[in-house]
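First the structure, in the form of structure tokens, and then the observations on it.
In what follows, every heavy atom counts, from backbone to side chain, and hydrogens, waters and symmetry copies are set aside. The chain is numbered in sequence order, starting from 1. First listed ligand is number 1; within each ligand, the first listed atom is number 1.
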Amino acid sequence: MNVLKVKNYDEMSEKACSILLDKINSVPHPVLGLATGSTPEGLYKKLIEEYRSGEVSFKDTTTFNLDEYIGLSMDHPNSYHHYMKDHLFQHIDIDMEKAHVPNGDVTDVQSECKDYEKIIHENGNIDIQILGIGTNGHIGFNEPGTPFTSRTHIVNLAESTRQANARFFGSIEDVPTRAITMGIETIRESKEIIVLVSGEKKAEALSRFINGDVSESFPASILQKHNNVTIVADEAALSKL
Ligand code: GLP
């Protein structure tokens, strides 16, 4: 894994933006894997700026988001559908038919998982996947203990994840208990992976991610075995290495 050290959150976002622009401008029909959470917000802001200044078009881009809560409607302010629309999609020229986010508001969630996996494969898998990392090492919503061979599936969210995400909801009780997430194997099939890590609260996780054993108890550790991973991390996140 290649580690790119940057000063702070802003530089991390800047770097991630330029990596994505290079990809979008060099592949005829780029397939991007996108993440939610606080970490990629700065990246999305910069992509919008680049779009507005005519540096990039998303017309030929297909996107797949990592995950979505089960039980929230698409227009719920805390759904990842809403997050993506708000932070990126409504500001750029992407064809919304090609902007995929798992739908957690369906009766047959199992079929939704299968279909999601199928569309990713039909699009030739992801060219470049953006990832954040949970403090417990989760990627997407793949919590500790998830098999490395997992495909898009339903997860029960760890209490620590619900607590970490409660800041976006009124209270912990309002945070859904289940989610759909791309599986670890699905993520591993991405041709290139960019992991964004910022802030001291991720320092412990980043240190274990880079130097710890490869183990299902720390999902991100499997990326040590991927041949094209770049970690873009700021000084605070790197403070425990
Ligand atoms: C969330 C998301 C992940 C995200 C991670 C870190 O629960 N499901 O995709 O990468 O946790 O979030 P944040 O960037 O807000 O720290």
Q: Could you tell me if any non-hydrogen atom of Ala35 lies under 4.0 Å from any atom of ligand 1?
A: no

Q. Should one rank Gly199, Gly37, Gly132, Gly140 by closest heavy-atom distance to atom 3 (C) of ligand 1, which comes out on top?
A. Gly140

Q: Under 4.0 Å from a heavy atom of Thr39: give me the atoms of ligand 1 that qualify, with their elements.
A: 13 (P), 14 (O), 16 (O)

Q | Transitive ILVMFWY side-chain link Tyr116 to Ile154, under 4.5 Å | A | no

(Q) Between ligand 1 and Asp67, is the shortest N or O to N or O distance under 3.5 Å? (A) yes

Q: Please could you name the atoms of ligand 1 that Phe141 approaches to less than 4.0 Å, counting only its heavy atoms?
A: 7 (O), 8 (N)

**Q.** Atom NZ of Lys191 with >12 non-hydrogen neighbours under 6.0 angstrom
**A.** yes

Q.
With no hydrogens and no angle check, just 3.5 Å: does a side-chain donor-acceptor pair link Ser53 and Glu55?
A. no

Q: Using a strict cut-off of 4.0 Å, indicate which atoms of ligand 1 neighbour a heavy atom of Ile133.
A: 6 (C), 10 (O)

Q: Answer side chain, backbone, both or neither: which part of Phe168 comes under 4.0 Å from ligand 1, heavy atoms only.
A: neither

Q. According to the interplanar angle, ranging from 0 to 90°, do the rings of Phe141 and Tyr80 count as parallel (below 30°), tilted (30 to 60°) or perpendicular (above 60°)?
A. parallel

Q: Please indicate whether any nitrogen or oxygen in Asn165 is less than 3.5 Å from any nitrogen or oxygen in ligand 1.
A: yes

Q. Is the closest side-chain donor-acceptor distance between Ser73 and Asp105 under 3.5 Å?
A. no

Q) What's the verdict on salt bridge (Lys or Arg N to Asp or Glu O under 4.0 Å) for Lys114 and Glu117, showing C-alpha distance, side-chain angles and the deciding distance? A) CA-CA 5 Å; Lys114 258 181 122 173; Glu117 190 73 27; over 6 Å; no

Q: Using a 4.0 Å heavy-atom threshold (strictly under), name the region of Lys201 that reaches ligand 1: side chain, backbone, both or neither.
A: neither

